[in-house]
Amino acid sequence: MSSARKPPEKSTRVLISEEIVIAALARAARAKDSKEFYDYCDTQQRYLILRQRGPRVGWFVRAKPRMQRIGNAKREPGDDLYLTVKKARHTAGERYYALRSGRRPRTKGWTWADLDREFQASRQVKRKKGKRVKPPAPATLKDIAGCFDKPQFAAWQTKRLATLNDVDLIELLDAVHRERGHGACCKTLAWVRAALTWARSERTIESGLVGVVPWWEEIKPPQPTAAEIEEMEDRDREFDAARAAFKVEALGKLLVIHERYCAGRSGNRKVSPAVRASLWWLAFTLNRKYTCTQVRRSKLQYVDPLNPYSTRAQPWGTAEWPAEGVKNKRRFMLPIPPFLLHIVRCCERDFEALIGKKRGLRSRSDWMFASSRRRSRRNHPQNPDPGLYPSSLNAHLRAMGGKKKNSKGAYTENYLRDLPCFWPHLVRTVATDFLKEYPDKVSGAAISALLGHVLPHDRSDPDDEMSEVTREFYLTSQAMPLKTEAMKLWSDAVLKAYFRAGGTLPMPHEVDENDKEKLNWPLPKLPRIADARLRPSRGSQDRRTTAARPRRKPASPPAKRRQRQQGRGPLRKA
């Protein structure tokens with residue numbers, strides 16, 4: 001009788017290298033049964049295992065009492081899970097420290113409703129990211145709330161985070177894609193990833209995500225449909241056409257139409273002072289639409305003694321935004337030319353006159369562009385002083401462009417029919433194209449600084465390390481000399497285009513615009529227009545800007561003309 005054979009050895013501990021991987025692949029090629037397996041346990045990272053099971057070879061991480069597969073060791077075309085030895089060691093280290101906690105939390109973990117509440121609360125306070133302190137951003141909070149408030153998240157509210165899987169997220173994205181489009185689908189995926197990653201990294205035990213592999217990082221948004229791709233291409237073509245057609249001259253004509261439109265409205269159709277001034281502010285400062293609504297009166301200096309173009313008769317100012325009011329979350333300053341200071345003063349005067357006349361309110365607003373719809377402090381203690389809503393300027397442009405319906409359900413008249421297509425963000429592109437034509441006067445760094453883009457040397461220079469005086473008055477990292485030169489060139493070009501198009505000096509609407517003695521600030525100096533054929537419209541506030549036309553010789557009467565033709569001129573007295 002033959003003796004029983006001992007089973008073959010099922011594992012060995014070696015330093016896993018490329019040679020070991022080749023040996024495992026050769027063993028897999030000779031395997032005849034998928035039940036046959038052999039483990040190569042690493043001597044350097046003792047939790048890393050290279051397992052051959054039948055024809056397959058994969059990477060595993062073992063942390064008692066659990067074991068997880070992290071990738072494949074056999075290279076296949078289109079295999080996203082293939083890992084080299086170096087990549088496998090790196091991935092194994094990340095997974096091991098997430099799995100090594102053998103003690104399970106006593107809590108059941110958060111539901112999605114809990115994560116929604118806690119994630120939004122974490123964005124309402126300051127956070128530290130690297131060496132930078134990120135303040136809360138109202139626009140970000142609104143974006144998150146609008147994303148998670150979709151009806152497609154209703155089925156997620158009671159689900160535990162530990163039980164969510166890739167199928168749940170894919171089904172959610174498909175539903176959002178069908179109802180709201182590809183753009184909303186991509187934004188939903190981005191915020192879901194951010195919320196789950198925050199819970200796993202900062203609230204690991206409370207959320208119940210201990211040892212959970214971040215499967216959501218591998219999920220990609222679905223492909224846009226053929227109709228959506230066609231819409232994207234149409235938008236690209238529309239943008240290219242608008243960029244090629246809308247120049248500084250068109251911006252000047254737009255401002256002329258804007259002023260005449262605002263002057264022709266009265267009663268309930270009246271354009272608010274903030275909306276009227278915000279388009280001017282957008283055209284000059286090249287800010288984003290949201291940034292225009294974040295200007296506080298206390299942060300606008302009407303006299304900047306450090307500006308080389310500032311004089312007593314024509315002072316330049318300085319505007320400053322806090323970090324939470326800017327997209328890149330860094331303090332931002334801009335030089336303000338005299339003409340724009342005049343616009344701001346007109347807006348402030350019209351607002352106070354309008355509110356005092358209609359509402360009987362005497363309190364000043366802290367916002368430079370304040371909403372004319374005042375709220376009662378008693379009924380709205382959370383926001384008694386509302387600023388201009390960011391979409392108000394878009395609504396105003398739609399009304400001028402004939403894309404807004406009136407009370408009778410009919411579309412309004414299109415006052416912009418002779419202009420190329422325009423939207424608020426396009427002005428930044430128009431200004432960039434214009435300033436690039438003057439490389440001898442304005443550098444590329446000046447254009448980036450004017451647009452609020454972070455310069456390379458500013459990325460490692462946090463504003464919090466500056467002295468209080470420098471930060472509050474004239475930040476050295478703001479590149480104000482560069483911004484001043486770019487603003488001077490751009491503002492002069494806009495003013496010339498405005499007056500050549502027939503514009504006049506904007507004045508307050510709530511007072512007698514012909515009585516300049518009521519204004520307690522210096523009027524801006526207007527540019528001289530070289531082209532005498534393009535005169536400002538009647539009622540201009542400064543006739544000096546229009547070149548005098550030469551007087552024509554009066555035509556001769558028919559009788560005298562005939563006499564001269566016949567050689568019989570009128571008799572002259574001796």
Side-chain angles (χ1 to χ4, degrees), residues 137-139 142 251 254-255 258-259 261-263 265 269-302 317-327 331-359 361-375 380 383-400 422-425 427-428 452 487 491 494 506-511 519 521 524:
K142 184 178 179 181
L251 183 60
L254 173 65
L255 293 173
H258 164 70
E259 277 298 305
Y261 182 86
C262 294
R265 301 284 153 172
R269 302 186 306 160
K270 179 180 293 187
V271 179
S272 70
V275 173
R276 179 194 176 197
S278 63
L279 184 58
W280 283 100
W281 187 272
L282 184 82
F284 275 83
T285 64
L286 309 178
N287 278 187
R288 294 175 177 87
K289 179 184 62 178
Y290 171 78
T291 312
C292 294
T293 65
Q294 300 299 304
V295 187
R296 294 187 178 273
R297 293 185 178 183
S298 58
K299 294 300 182 180
L300 179 63
Q301 299 180 12
Y302 288 92
T318 303
E320 180 183 353
W321 286 262
E324 58 269 17
V326 187
K327 182 179 180 180
R331 291 183 178 90
F332 184 60
M333 294 180 66
L334 270 182
I336 306 300
F339 189 91
L340 193 55
L341 292 178
H342 170 74
I343 296 293
V344 168
R345 285 183 167 119
C346 292
C347 174
E348 183 178 359
R349 185 160 205 170
D350 279 346
F351 171 77
E352 294 180 354
L354 182 63
I355 296 304
K357 182 191 306 182
K358 283 191 173 183
R359 309 290 184 184
L361 301 178
R362 299 299 177 185
S363 59
R364 289 170 54 89
S365 174
D366 189 35
W367 299 105
M368 184 57 62
F369 303 113
S371 174
S372 300
R373 298 181 179 181
R374 296 287 90 189
R375 296 178 176 178
H380 299 274
N383 189 18
D385 183 20
L388 180 67
Y389 195 69
S391 297
S392 299
L393 183 57
N394 279 24
H396 173 66
L397 292 173
R398 288 198 306 270
M400 287 197 303
F422 175 79
W423 54 91
H425 203 75
V427 71
R428 296 166 63 87
M487 178 62 75
S491 60
V494 174
M507 300 294 285
H509 284 174
E510 300 300 325
V511 295
L519 305 182
W521 62 80

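Only a predicted model underlies this, so the values are computations on that prediction, with no experimental measurement involved.
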Trainee: Taking only residues two or more places apart in sequence, or in another chain, which ones meet Ala277 in a side chain to side chain contact (heavy atoms under 4.5 Å, CB included)?
Mentor: Ile343, Cys347, Phe369
Trainee: Would a 4.5 Å heavy-atom cut-off, applied to side chains only, mark Arg276 and His509 as touching?
Mentor: yes
Trainee: Give a yes or no answer on whether the side chain of His342 reaches the backbone of Trp521 with a donor-acceptor pair at less than 3.5 Å.
Mentor: no
Trainee: Measuring from atom CG of Leu279 to atom CG of Leu251, what distance do you get when rounded to the nearest 0.5 angstrom?
Mentor: 7.5 Å
Trainee: Which heavy atom of Leu393 sits nearest to which heavy atom of Val275, and what is that distance?
Mentor: CD1-O, 4.3 Å
Trainee: Hey, what do you get for CZ (Arg428) to OG1 (Thr285), rounding to the nearest 0.5 Å?
Mentor: 9.0 Å
Trainee: List the atom of Ala283, the atom of Val494, and the distance in Å for their closest heavy-atom pair.
Mentor: O-CG2, 4.5 Å
Trainee: Strictly distance-based, threshold 3.5 Å: is any side-chain N or O of Arg296 a donor or acceptor partner for the main-chain N or O of Trp367?
Mentor: no
Trainee: Identify, with sequence neighbours excluded, every residue that meets ring pair (Phe, Tyr, Trp, His ring centres under 6.0 Å) alongside Tyr261.
Mentor: His396, Tyr415
Trainee: Nearest 0.5 Å please: distance from the CG atom of Leu300 over to the CD atom of Glu348.
Mentor: 9.0 Å
Trainee: Would you name the heavy atoms of Gly317 and Leu341 that are closest together and state the gap between them?
Mentor: N-CD1, 3.6 Å
Trainee: Rounded at 0.5 Å granularity, tell me how far CH2 in Trp281 sits from CG in Leu340.
Mentor: 5.0 Å
Trainee: To the closest 0.5 Å, what do you measure between CE (Met507) and CZ (Arg345)?
Mentor: 12.5 Å
Trainee: What distance do Lys270 atom NZ and Arg265 atom CZ have between them, rounded to the nearest 0.5 Å?
Mentor: 13.0 Å
Trainee: Could you point out which residue of Thr318, Ile336, Val344 forms a side chain to side chain contact (heavy atoms under 4.5 Å, CB included) with Tyr302?
Mentor: Val344
Trainee: Compare all side-chain heavy atoms of Leu388 with those of Ser278 and state whether any distance is below 4.5 angstrom.
Mentor: yes
Trainee: Any side-chain heavy atom of Leu397 sitting closer than 4.5 Å to one from Trp423?
Mentor: no
Trainee: Can you find a heavy atom in the side chain of Phe284 that is under 4.5 Å from one in the side chain of Pro337?
Mentor: yes
